[in-house]
There are 2 protein chains.
Amino acid sequence: MDIRQLQTLVAVADTGSFSGAAAVVNLTPSAVGQQIQALEAELGVTLFDRRKRPRQLNAKGEELLRAARQVVQTMTEARMAISGGRTAGMLNFGAIRTVSMHLVPQAFAEMRDAYPDLSFDLTVGMSERLMSDVAAGRLDAALVAENVGVPASLSWSPVLTEPLVLIAPRAEAWRSDLSLLTDLPFIRYVTEVPLSRQIETELAALSVSPREIVATNTMPSVIGFVQADLGVAIVPKIALLNAGTGTLHTRPFCEGAITRRVGLVQRQVSSRSEVLARLRQAFFKVAQMHGLGAEEMPVVDSTGG
Amino acid sequence: MDIRQLQTLVAVADTGSFSGAAAVVNLTPSAVGQQIQALEAELGVTLFDRRKRPRQLNAKGEELLRAARQVVQTMTEARMAISGGRTAGMLNFGAIRTVSMHLVPQAFAEMRDAYPDLSFDLTVGMSERLMSDVAAGRLDAALVAENVGVPASLSWSPVLTEPLVLIAPRAEAWRSDLSLLTDLPFIRYVTEVPLSRQIETELAALSVSPREIVATNTMPSVIGFVQADLGVAIVPKIALLNAGTGTLHTRPFCEGAITRRVGLVQRQVSSRSEVLARLRQAFFKVAQMHGLGAEEMPVVDSTGG
DNA sequence: ATGTCAAATGAAGATATTCTTCAGAAAAAT
DNA sequence: ATTTTTCTGAAGAATATCTTCATTTGACAT
């Protein structure tokens, strides 16, 4: 089965006639008919209702058509990716809020030299939403948290490992972890993102049930409450890049054992894969500058050009 | 470009050698080499690093390999779907909670006659999660709410339209909609599912801000609170099938204008599509028996067998 | 180094496929 | 009824793909 046959099937479905399709794929109508016949012979079924005159796909034909569209789509993407790839134009990128403020802009800046004709559109959202936007093609890629279900058509690869840190007012620096969490009020971060669930889970695992005094749903306000001497909180280290840490006491939570991984999701087959491989490197570099590096630096394979 | 060429590329990647691949695809090593060369010629690039001896894919080769795997996968599915389809064995199905109790079991019962060798595994969850499970292949299909992002590889088609109804204690039946919502306490349904967001939105659109007295996160408990005379609530009509409505006053919310559509998600290309088309019909039938029918009954195209 | 060996490439010929051309049939449009 | 458009079929040319067999290549062990 040749992909060109699938392409002509798509053309037939789109134009509504064999001869129309012939014009689209630059063949004679006869050749189009033969290709369709070849498909029918190979599958052992008829694809068209040949009694009606505007030839109409039957159920099996529709079935094959859906597959054909998908195959043609991925092969077109793959061809583009292989022959140079789209290294210019708008790259639609998504990121979760914590990394959207410093990490992403700095990584984008790193890219300016290598790809001067590339521009960026950044969408901030929650991991699940960003993931489904990538799957649907509305985004080219996104930086999202780990542990969200990844469809088979997407790939997730780690970019940075954020430690979770315990923050408290300066004056309380002398206390132990346990004392901070049980003797001082706890500022809870309540949203629907995986991060807030993860913090809850980790606390429960340590059998710590802190006295809650304030619950808020934005990271800056969590930090603000701690700075205002109202209690302690657990936040990803990167969130502290925004606020001056002068008035805060910061320490790794659970000796840095509790971390949260953030990675790049993209479609398995994407015409942007070259740019994205480069972007991933840039993220690594910037993450390491902030002491958030993941396990190992990715290698770019530049052979076969 | 022939799909067999992509298949041999996959075989080469899997076995690690041309001759190994030759055995897999039932060809001579020479033919395998020629197929790879044909691919390279068509794309105008080299795919393998030919200096090293266990031939290794280069970057472009890996790119094509990902596309090839995807193409082979979808064509295999499509072939199965076309040649009879998998109408026996375990069908992994997902559903949101409200429909999992009556609608789904009844629809499954409808299927027993047509497909006696088919068995069902039902997973209950939230729409987003179910959707990503379908995309990842862990489920064959699922019944989920509308308005969640649908990846391009999936299709969503409506199955039932649930009206949202206002429920109140019997004694308050004389009140107007507005009076019920503003003069009586409101039992809020707070979860992360789209339904609870939708209810909030609709209330806000009507400029109604009810006095909240209780917030709870399960549908049976919402109904329980109303039955206990604590206030009014807004729930999908289908949720009332569980509880006896004897003690409740029920009326359409906004004259039935506010509805919530539930539909079937499945992969665009699936070897189960025949069974799923039939199942969708069964859902329609059962939904109409409960007065929840969507716009129109789907037509099954049974030609071309 | 050098020989050995499995594996990949290359050339040649047989086979199969896929295209175009042209003629005929069949449905739609005038 | 006639024209027009659209599809099918046969024949032959052009192309592609397979197998066979000889040759070359690179890895590995001696």
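Letters A, B, ... are given to chains in the order of the sequence lines, protein chains preceding strands, and every chain is numbered from 1.
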Distance in angstrom units between B:Glu40 CD and D:dT17 C1', rounded: 17 Å
Length of the line joining A:Phe48:CZ and D:dT6:C1', which is rounded to integer Å: 13 Å
Closest listed nucleotide, where the reference is the side chain of A:Leu27 and the choices are C:dT21, C:dC19, D:dC7: C:dC19
Between CG of B:Asn26 and P of D:dC18 the distance, given in whole Å, is 12 Å
Heavy-atom neighbours of A:Glu110 CD exceed 12 at 6.0 Å: yes
Please evaluate the base of C:dT20 for a donor-acceptor partner in the side chain of A:Gln34 within a cut-off of under 3.5 Å? yes
Quickly work out the A:Gln56 CD to C:dA28 P distance and round it to whole Å. 12 Å
Measure CD1/B:Ile36 against P/C:dG10 and give the value in whole Å, please. 14 Å
Decide yes or no for A:Leu264 and A:Trp156: does some side-chain heavy atom of the first lie under 4.5 Å from some side-chain heavy atom of the second? no
Ignoring hydrogens and angles, state whether a donor on the side chain of A:Ser153 or A:Arg267 is under 3.5 Å from an acceptor on the partner side chain. no
Could one point to a donor on the side chain of A:Ser19 or the base of D:dT5 with an acceptor on the other under 3.5 Å away? no
Quick one: which of C:dA11, C:dA8, D:dT8 gets closest to the side chain of B:Ser30? C:dA11
Counting only side-chain N and O atoms of B:Gln37, is one of them less than 4.0 Å from OP1 or OP2 of C:dG10? yes
Under-4.0 Å salt bridge between A:Glu77 and A:Arg86: no
Base, sugar-phosphate alone, or nothing: which one does B:Glu42 contact when heavy atoms must sit under 4.0 Å apart? nothing
Using heavy atoms to find the nearest nucleotide of DNA chain C for A:Arg4 and B:Arg50 separately, return the residue whose nucleotide is more 5′. B:Arg50
Find the distance B:Ile3:CD1 to D:dA16:P and express it as a whole number of Å. 19 Å
The answer to which of B:Gly16 and A:Arg55 contacts DNA chain C further toward the 5' end, by nearest nucleotide, is B:Gly16
Closest listed nucleotide, where the reference is the side chain of A:Ala31 and the choices are D:dC18, C:dC19, D:dT19: C:dC19
When the aromatic ring centroids of B:Phe108 and B:Phe120 are compared, is their separation below 6.0 Å? yes
So if I take every side-chain heavy atom of A:Thr28 and compare against D:dA27, D:dC18, C:dT20, which nucleotide ends up nearest? C:dT20
